[in-house]
Amino acid sequence: MKVVFIGSGNVATHLSAAMQKAGYAIEQVYSRNETNARTLADRLHCDRTAKTGEIISTADLYVFAVKDDALPELIAQTPAGNGLRIHTAGSVPMDVFKGYAAHYGVLYPLQTFSKNRDTDFRRVPCLIEAHLPEDETRLYEIAGRLSDSVQTLSSEKRKRVHLAAVFACNFTNHMYALAGRLVREQGLPTDLLLPLIDETAAKIHALSPSDAQTGPAVRGDRQVLDRHLALLSGDPAMREVYQLISNHIYKERNRQ
């Protein structure tokens, strides 16, 4: 199977490497950023282009791994052909391909990716969807060669899973950044927090998040909460975040 990647970001970098390792022939990488296209193409030892008019039209599979808002324009500009076209976005419906291709679908890898950090793709859940039954079969086979966890999911359900992923990953990571700032302000290394972060993540493999919840908010410890809010008086935005999340934790616990 000959594959063309549209995009050269984090997802494209990891997914293309996993596909190549699984035996798929990556023929070409397209990116509007020529430097990024060259970097990924060099890693994959394949052709590259920064012009949509030069995208190969005879590939078997086209993987669109780009920003959500760039998808419609790139789909419209990609040369027509009989190859299966898929995107990797969590919140974009499969029908974004409608009218531009007969064979299309989605392969959404439910993971956070960074270019310079290795990821074991076999442990990455892959959520798939396809327009035609035969394409779903093909896509299931492709995903199954990459991951031990493959599941068919509708666009509507995938959108909800992506929302959950933003809470579980992106928002959590932002909390790490805020916590790190508070620690650094005291002249301490952020590594101080790593054992706490590791244990917090490890606990939910054995406990539900509700049972694992600790801290002043879940206890309703008003004195501690007020002291923390006072410490954040110089940073109204962070103070608001603290208050909103603490209130939500307290309400969720008392609703159970």
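- For Gln223, the CD atom is loosely surrounded, since the number of other residues' heavy atoms within 6.0 Å does not exceed 12.
- With Phe64 as the partner, the ring-ring contact (aromatic ring centres under 6.0 Å, His included) test is satisfied by one option alone out of Tyr108, Tyr100, Phe97: Phe97.
- Taking both residues in full, the closest heavy atoms of Ser8 and Leu40 are given as CA-CD2, 3.8 Å, listed atom of the first, atom of the second, then distance.
- In terms of the ring pair (Phe, Tyr, Trp, His ring centres under 6.0 Å) criterion, His103 has no residue partners (sequence neighbours excluded).
- For the pair Lys67 and Asp69, the salt-bridge criterion is not met [side-chain N within less than 4.0 Å of a carboxylate O].
- In this structure, Leu110 is not a member of the same hydrophobic cluster as Leu107, with clusters built from ILVMFWY side-chain heavy atoms closer than 4.5 Å.
- A cation-pi arrangement is absent between Arg85 and Tyr104, since the terminal nitrogen or guanidinium carbon is not both under 6.0 Å from the aromatic centre and inside a 45° cone about the axis.
- Residues in residues 169-178 take part in no salt bridge (charged side-chain N to carboxylate O under 4.0 Å, His left out) pair, two or more places apart or across chains.
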field: Val3 vs Asp60, side chain to side chain contact (heavy atoms under 4.5 Å, CB included): CA-CA, chis, key distance, verdict
entry: CA-CA 6 Å; Val3 184; Asp60 303 301; over 6 Å; no
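- Remark: Arg145 fails to qualify as a cation-pi partner of Tyr140 under the 6.0 Å distance and 45° angle criteria applied to the six-membered ring.
- Sorted by first and then second residue, the salt bridge (charged side-chain N to carboxylate O under 4.0 Å, His left out) pairs with a member in residues 122-138 read Arg122-Asp148, Glu129-Arg158, Asp135-Arg138; sequence neighbours excluded.
- Within 6.0 Å of OH in Tyr242 there are more than 12 heavy atoms belonging to other residues, nucleotides or ligands.
- Pairs of residues two or more places apart, or lying in two chains, that qualify as salt bridge (charged side-chain N to carboxylate O under 4.0 Å, His left out) and include a residue from residues 225-244 are Arg181-Asp235, Arg222-Asp226.
- Within the structure, ring-ring contact (aromatic ring centres under 6.0 Å, His included) contacts touching residues 26-61 (residues at least two apart or in different chains) do not occur.
- In plain terms, the two heavy atoms of Asp68 and Ala89 that are nearest each other are OD1-CB, 3.4 Å.
- Hydrophobic cluster membership differs between Leu207 and Ile204, with clusters built from Ile, Leu, Val, Met, Phe, Trp and Tyr side chains linked at under 4.5 angstrom.
- Under the ring pair (Phe, Tyr, Trp, His ring centres under 6.0 Å) criterion, Phe171 pairs with Phe167, sequence neighbours left out.
- Checked options Phe5, Phe113, Phe121; the residue passing with His14 is Phe113 (criterion: ring-ring contact (aromatic ring centres under 6.0 Å, His included)).
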Worked check of side chain to side chain contact (heavy atoms under 4.5 Å, CB included) between Arg32 and Leu74: CA-CA 10 Å; Arg32 62 183 61 186; Leu74 284 171; 4.1 Å; yes
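- Counting only N and O atoms by type, the side chains of Ser208 and Asp211 include a donor and acceptor under 3.5 Å apart.
- Few gaps surround NZ on Lys115; more than 12 heavy atoms of other groups in view lie less than 6.0 Å from it.
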query: Leu61 and Ile142: side chain to side chain contact (heavy atoms under 4.5 Å, CB included), yes or no, with the steps?
result: CA-CA 10 Å; Leu61 177 67; Ile142 292 167; 4.1 Å; yes
